[in-house]
Structure formats: structure tokens, C-alpha cells
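Only one structure is covered here, and it is reproduced in the block below.
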Amino acid sequence: MNARFESYPVDEVCVVLAGTITLTTADGVSEFKPGDAFAIRKGTALTWANTPDVRKIYVLLDHTADSAAS
């Protein structure tokens with residue numbers, strides 16, 4: 001899977017369990033393999049690529065949903 005985000009819609013924390021995820025940002029290219037963890041800040045411009053066998057555990061934070069619930 002390849003996806004281009006002009007502005008990533010949420011904050012995300014991810015731990016890779018299998019496969020490889022490659023993120024390309026203005027800071028460069030980062031590759032994450034099983035056992036690696038990373039975070040993406042909401043609003044980050046990036047290209048996301050992963051191998052077909054990727055498995056991950058992740059947490060998404062959508063601050064607009066939090067404020068709507070209060």
C-alpha cells in the first residue's frame with residue numbers, strides 16, 4: 001500500500017509486528033520493521049508505504065472527537 005497525505009488527519013502511535021512500513025517526510029525516509037515503534041503528528045505531510053504482510057498495533061488520537069464529546 002502507498003498513500004500520500006498532505007496533512008495526516010490524526011496523531012498516531014504505532015508498533016510494527018510484521019512487515020515493513022516506510023514513511024517519507026520533509027525530514028527524510030524512515031523504515032520501520034518488527035519491534036520498531038513510531039509516532040506521527042497530526043498535520044504532518046508524508047508518504048506511507050508498507051509491505052503487503054504488514055501487521056501493526058496502533059493508537060489514533062483525534063482531538064476534534066474529544067472536544068465534541070465534552
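Worth knowing before you read on, the calculation uses all heavy atoms, side chains too, and leaves out hydrogens, waters and symmetry mates. For the single chain, residues carry numbers from 1 onward in sequence order.
The line from CG of Asn2 to OG1 of Thr24 is 9.0 Å long, rounded to the nearest 0.5 Å. For the atom pair CG (Asn50) and CZ (Arg55), the distance works out to 9.5 Å, reported to the nearest 0.5 Å. Once rounded to the nearest 0.5 Å, the distance linking CG of Asp11 with CZ of Arg41 reads 4.5 Å.
The nearest pair of heavy atoms linking Ala45 to Arg4 is C-NH1, 3.9 Å. Residue Pro34 comes nearest to Gly19 through the heavy atom pair CD-O, 3.2 Å, listed as atom of the first residue, atom of the second, then distance. Of all the heavy atoms in Ser7 and Gly43, the pair that sits closest is OG-CA, 3.3 Å.
Cluster partners of Val54, using a side-chain heavy-atom cutoff of under 4.5 Å among ILVMFWY residues and allowing indirect links, are Met1, Phe5, Tyr8, Val10, Val16, Ile21, Leu23, Phe32, Phe38, Ile40, Leu46, Trp48, Tyr58, Leu60.
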Carefully, step by step, assess Thr44 and Thr25 under the rule side-chain contact (heavy atoms from CB on, under 4.5 Å).
-> CA-CA 8 Å; Thr44 301; Thr25 67; 4.2 Å; yes
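Within the structure, salt bridge (Lys or Arg N to Asp or Glu O under 4.0 Å) contacts touching residues 18-31 (residues at least two apart or in different chains) are Glu31-Lys33.
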